[in-house]
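Shown next, in structure tokens, is the structure this report addresses.
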Amino acid sequence: MEGKKKRILRAFRAAFPYTIPIFAGFWFVGLTYGIYMNVSGFSFWYPMIMSLTIFAGSIEFVVVNMLLGAFNPFQALVMTLMINARHLFYGISMLDKYRNTGWKKGFLIFGMCDESFTINYTAKIPEDVDEGWFMFFVTLLNYLYWFSGATLGGIFGSLLKFNTEGLDFVMTAMFVVIFMEQWLKEKNHVSSLLGLGLSLLCLLAFGAENFMIPAMLAIIGVLTLLRKPIEKESEEVCQ
């Protein structure tokens, strides 16, 4: 039992530093979301419950307008699928990593957001740290960051009077930092350059509001076709 506690604590200590940048981003955006809900006429219970059950920042902002508009469950379904379709690719990518995580697997699937996926997929976990517990704590901490930020924003929204315009850019800046960190770690930038190039082409072709899904499909398709050459080239660079 003592050995298990030490293993869990070691995983928590390894996971926590990775989530510190996420904490800053989630609290800024979560507070903004809670304040936005309050300004729109909703009690703090709404952002609190939605952050607990939906846990998808983009769609939670969209839900505000859905709640204020006419009841249309089909539109809500389509909108949610369009906004969060990228999670299908996240799930496929994490099949092997989540395979032997036991009871933690259900929560890992539910709590897999962009940030948790990025950390759990790319982090170099020390050999003496349990991978399942590491991923669990990354997911749990990010979940709690968003929940607490959204709830506090809803509670104190009526008391705070300041312009929140532009706070959502914190998440974009955070992803740029994560991308640059991975770029510096890579010895072969082919995959990163392909991702940037295909995303830019889809942005020009489909526009800013509709490029996400085509870009994800294009990246998955091209990387699948070029998987063996890219892996071979990466091995040659590492040698």
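FYI, side chains are in, hydrogens and waters are out, and symmetry mates aren't considered; it's all heavy atoms of this structure.
Taken to the nearest 0.5 Å, the CE atom of M37 stands 9.0 Å off from the OG atom of S43. Here L152 contributes atom CG and I155 contributes atom CD1; the two are 5.5 Å apart, rounded to the nearest 0.5 Å. The NZ atom of K124 sits 9.0 Å away from the OH atom of Y18 when rounded to the nearest 0.5 Å. Distance CZ/F61 to CD1/I59: 12.0 Å, rounded to 0.5 Å. Considering OG of S148 and CE of M48, their distance stands at 12.5 Å, rounded to 0.5 Å. Here CD1 of I119 is found 8.5 Å from OG1 of T139. Values are rounded to the nearest 0.5 Å.
Taking all atoms of both residues into account, the shortest heavy-atom contact from I219 to S199 is CD1-OG, 3.8 Å. Heavy atoms only, all atoms of each residue included: A150 and P47 are closest at O-CB, 3.8 Å. Across all their heavy atoms, C202 and F211 have their closest contact at O-CB, 3.4 Å. Considering all non-hydrogen atoms of both residues, T151 and S51 come closest at OG1-OG, 4.4 Å. When every heavy atom of F134 is checked against every heavy atom of A15, the shortest pair comes out as CE1-CA, 3.5 Å. In terms of heavy-atom proximity, N84 sits nearest to A56 at ND2-CB, 3.8 Å.
In summary, the aromatic rings of W146 and F23 are positioned with their centroids too far apart to meet the 6.0 Å limit. Checked against the 6.0 Å centroid criterion, the rings of F55 and F147 do not qualify as a close aromatic pair.
In this structure, the side chains of F26 and E115 come closer than 4.5 Å at one or more pairs of heavy atoms. Side-chain contact check for V222 versus L198: some heavy-atom pair is nearer than 4.5 Å.
No hydrogens or angles considered: a donor-acceptor pair under 3.5 Å links the side chains of Y90 and D114. T19 and Y145 share a side-chain donor-acceptor pair at under 3.5 Å.
Take Y98 and apply the side-chain contact (heavy atoms from CB on, under 4.5 Å) test, not counting sequence neighbours, and it matches M94, T101, K105, L108, I109, M112, N120, M135.
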Would you please test V64 and Y33 for side-chain contact (heavy atoms from CB on, under 4.5 Å) and show each step? CA-CA 10 Å; V64 179; Y33 168 64; 4.2 Å; yes
Going through the distances and angles, do F156 and F44 end up as a ring pair (Phe, Tyr, Trp, His ring centres under 6.0 Å)? CA-CA 9 Å; F156 297 113; F44 79 94; 9.8 Å; no
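Both L52 and I22 are assigned to one and the same hydrophobic cluster, defined by single-linkage of ILVMFWY side chains at heavy-atom distances under 4.5 Å. Hydrophobic clustering (side-chain heavy atoms under 4.5 Å, transitive across Ile, Leu, Val, Met, Phe, Trp, Tyr) groups V129 together with F16.
Ring planes of F136 and W133: perpendicular class, angle over 60° (limits at 30 and 60°). Note on ring orientation: taking the six-membered ring where Trp is involved, the planes of F137 and F12 are perpendicular (angle over 60°, cut-offs 30° and 60°). Below 30°, between 30° and 60°, or above 60°: for Y143 and F107 the angle between ring planes is above 60°, a perpendicular geometry.
N142 places a side-chain N or O within donor-acceptor distance of the main-chain N or O of V138, the cut-off being under 3.5 Å.
Between D130 and the choices R7, K104, K6, R10, the salt bridge (Lys or Arg N to Asp or Glu O under 4.0 Å) rule is met once, by R7.
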